[in-house]
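Below is one structure, written out as structure tokens; comments come after it.
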2 protein chains.
Amino acid sequence: MAADPMYRQIAEDLRSKIEAGELPRGTQLPTEIELRDQYNASRNTVRDAIKWLITRGLVETRPGQGTFVVEKITPFVSTLTGDPETGFGGGEDDIYDLEVKATRREPTASVPRVEIQQVNDATAPELQLGQGSPVVSRHQRRFIDGTPWSLQTSFYPMRYVMDGAARLTDPSDISQGTVSYLRETLGIDQAGWRDMIVVRAPNQVETAFFKLPDDGRVPVVETRRTTFDSRGKPVRLTVSVYPADRNQFAVNVGKVPDEIVAPGSGEDSPSADNSST
Amino acid sequence: MAADPMYRQIAEDLRSKIEAGELPRGTQLPTEIELRDQYNASRNTVRDAIKWLITRGLVETRPGQGTFVVEKITPFVSTLTGDPETGFGGGEDDIYDLEVKATRREPTASVPRVEIQQVNDATAPELQLGQGSPVVSRHQRRFIDGTPWSLQTSFYPMRYVMDGAARLTDPSDISQGTVSYLRETLGIDQAGWRDMIVVRAPNQVETAFFKLPDDGRVPVVETRRTTFDSRGKPVRLTVSVYPADRNQFAVNVGKVPDEIVAPGSGEDSPSADNSST
DNA sequence: GCAAATTTGTTCGTATGTATT
DNA sequence: CAATACATACGAACAAATTTG
């Protein structure tokens with residue numbers, strides 16, 4: 001009882017039992033009352049230990065049922081790169097390439113929700129627009145095999161609509177893809193893009209849509225894709241949000257083989273802990 | 001008291017005050033005793049509210065001092081892509097390109113720690129090695145302006161050393177870079193690489209090195225870079241771990257302008273919350 | 001340098017509410 | 001409806017870290 005607080009000791013003990021396979025995935029832990037007796041602590045202390053395990057994503061509690069070791073999720077893998085000449089985005093509108101280990105799963109998307117907005121303070125510089133400029137936003141919810149996969153919003157300068165790209169405001173899929181639509185109507189070519197990848201806590205909308213635990217311990221990955229024309233001017237901004245607990249990303253540079261090897265994540269760092277700087 | 005639990009109401013109230021600027025970054029919140037009186041709740045309930053804010057990274061507590069609104073961190077931005085022909089990795093050994101908004105900061109790295117290990121179960125398939133094959137691991141701690149930036153470990157098949165690349169086991173920097181060293185000694189060319197990006201909770205070593213809060217609420221980003229030769233065979237695997245609270249990543253595809261625009265993250269999704277599927 | 005005051009951290013006990021079986 | 005199990009809330013006491021006098 002000298003070094004660590006009791007709830008940490010209990011938590012570490014349970015953690016080691018989980019990682020040693022003594023408590024396999026999906027099994028139920030002893031109830032809080034049973035743990036209280038086992039560890040000779042109070043129920044509140046046991047609950048502190050469980051809270052610590054929840055934060056690390058090791059267990060989950062279900063009211064009226066018990067505490068369970070979480071099942072491992074087979075992640076979705078999204079490839080952020082693509083062939084800038086041929087494929088260039090895969091042909092689908094705003095949909096990233098997708099490859100999934102073992103089974104090939106099918107992504108589906110909701111009908112776009114289109115809005116005219118004043119450009120956000122955060123996105124204005126990325127689109128090189130003045131504060132408050134009007135933009136068209138096209139928002140979609142995307143699923144894989146029915147489970148929520150990502151939220152995606154693309155922003156286009158309103159000027160494109162004025163200049164003739166009226167279908168940008170159509171609240172339906174632009175089947176040919178907005179890329180080729182902009183090229184054909186306005187002669188805007190797409191020379192490349194940059195993805196900015198940020199990890200952050202989910203907001204309320206994201207927590208609800210992805211059915212994440214409402215204590216914000218599961219982060220989301222936000223990719224902000226700015227597409228440029230050949231003169232280096234930004235054409236659009238696509239913001240996609242993915243829950244980090246079921247998504248991974250791949251980036252290819254140069255010549256690489258096709259198959260994606262299951263990334264085993266986890267404990268690769270040399271076992272010994274570092275001490276000096 | 002019907003809808004939300006009291007600790008959530010207190011937390012949301014404090015959150016709105018923080019986001020409205022009423023409680024600026026860095027300022028101290030009222031003490032738990034003061035909050036108890038303000039909200040007419042018990043101290044434990046106030047502490048539950050503070051815990052909720054901590055999980056979301058909005059505040060931090062300092063024992064003996066108080067609770068404070070967290071300061072915003074200017075993030076490091078690492079570019080995962082590069083020119084596959086000319087630059088190809090930037091010339092430094094295993095160091096990614098780095099660009100930082102406004103000021104250009106200098107990355108430094110510790111002397112490599114070299115170990116001969118049996119290949120990990122997770123990394124064996126990525127390097128296409130049999131279970132338990134010997135590998136050389138080269139581990140470095142990397143800093144920017146003195147603050148811990150990333151932990152990086154590269155794995156090479158031990159066979160390379162047998163075949164003549166003895167310096168791979170040198171516990172010092174290979175100044176010319178391992179890429180050109182392998183090309184000159186063994187004729188191994190580097191045709192491309194793939195980065196797998198995973199977000200997960202930090203382990204004990206990472207928590208200590210990055211000085212992260214020990215409750216694992218700050219995730220880490222793990223990039224697993226597999227480098228391939230022109231025949232599509234893996235040459236090496238570089239695993240880098242970055243704390244998500246001070247790092248962002250950029251991926252360039254095709255032709256894009258040089259300057260990286262400050263990515264403002266956050267609240268871009270259309271304001272209204274989604275309801276139906 | 002030490003002691004007191006302040007503030008958060010841990011642990012206990014207890015009671016009541018809510019969700020599930 | 002009853003039993004079970006987790007969720008919330010209160011009160012209290014002591015420990016540990018930090019600042020202040």
Side-chain angles (χ1 to χ4, degrees), chain A residues 1-15 18 23 26-70 207 211-217, chain B residues 1-15 18 23 26-70 207 211-217:
Chain A
M1 210 176 293
D4 272 7
M6 189 185 301
Y7 79 94
R8 278 291 294 273
Q9 293 181 33
I10 297 174
E12 299 280 8
D13 186 58
L14 289 171
R15 185 174 66 91
I18 291 170
L23 294 166
T27 54
Q28 182 172 5
L29 264 62
T31 68
E32 294 176 351
I33 304 297
E34 289 170 329
L35 289 172
R36 163 171 67 84
D37 298 338
Q38 275 184 37
Y39 289 103
N40 203 24
S42 82
R43 189 182 152 224
N44 277 334
T45 303
V46 166
R47 281 177 59 76
D48 282 344
I50 292 175
K51 214 169 288 178
W52 191 89
L53 293 169
I54 289 176
T55 308
R56 262 138 257 256
L58 288 170
V59 305
E60 64 183 350
T61 56
R62 302 176 202 154
Q65 297 189 53
T67 306
F68 298 82
V69 184
V70 296
T207 301
K211 297 183 181 43
L212 299 177
D214 74 340
D215 62 356
R217 66 173 180 275
Chain B
M1 211 178 292
D4 271 9
M6 187 185 301
Y7 79 93
R8 279 289 296 270
Q9 294 181 34
I10 298 173
E12 299 280 8
D13 186 59
L14 289 171
R15 185 174 67 91
I18 291 170
L23 294 165
T27 54
Q28 182 172 5
L29 265 63
T31 68
E32 294 175 354
I33 303 296
E34 289 169 331
L35 290 173
R36 162 171 68 85
D37 298 339
Q38 277 184 36
Y39 290 102
N40 201 26
S42 80
R43 187 182 156 222
N44 276 334
T45 303
V46 166
R47 282 177 60 75
D48 282 345
I50 291 176
K51 217 169 285 178
W52 190 88
L53 294 169
I54 289 176
T55 308
R56 280 156 188 72
L58 288 170
V59 305
E60 64 184 349
T61 55
R62 303 177 201 152
Q65 295 190 57
T67 306
F68 299 82
V69 184
V70 296
T207 300
K211 298 184 181 46
L212 298 177
D214 74 341
D215 61 356
R217 68 175 179 272

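Chain letters run A, B, ... following the sequence lines, proteins first, then strands; residues in each count from 1.
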Distance, rounded to the nearest Å, where [X] contributes [atom1] and [N] contributes [atom2]:
X: A/D37; N: D/dA5; atom1: CG; atom2: P; result: 12 Å
X: A/F68; N: C/dT20; atom1: CZ; atom2: P; result: 12 Å
X: B/E32; N: D/dC10; atom1: CD; atom2: C1'; result: 15 Å
X: B/N40; N: D/dA9; atom1: CG; atom2: C1'; result: 13 Å
X: A/R43; N: C/dT16; atom1: CZ; atom2: C1'; result: 11 Å
X: B/R36; N: C/dT6; atom1: CZ; atom2: P; result: 14 Å
X: A/I33; N: D/dA7; atom1: CD1; atom2: C1'; result: 13 Å

Check: Do any N or O atoms from the side chain of A/Q28 and from the backbone of A/Q65 form a donor-acceptor pair under 3.5 angstrom?
Finding: yes

Next item on the list: Using heavy atoms and a sub-4.0 Å distance, could you list which residues of residues 51-66 of chain B are near DNA chain D? By number, please.
Entry: B/P63, B/G64, B/Q65

Item checked: Which atom of A/V70 lies closest to which atom of A/E60, heavy atoms considered -> CG1-N, 3.8 Å

[N], OP1 or OP2 - any side-chain N/O from [X] closer than 4.0 Å?
X: B/T31; N: C/dT6; result: no
X: B/R47; N: C/dG9; result: yes
X: B/T45; N: D/dA9; result: no

Notebook entry, point to check: Taking NZ, NE, NH1 and NH2 as the nitrogens, is one of them in A/E12 or A/R8 under 4.0 Å from a carboxylate oxygen of the other?
Noted result: yes

Next item on the list: Consider the side chain of B/S42, meaning its heavy atoms from C-beta on, and name the nucleotide among D/dC6, D/dA9, D/dA12 that approaches it most closely.
Entry: D/dA9

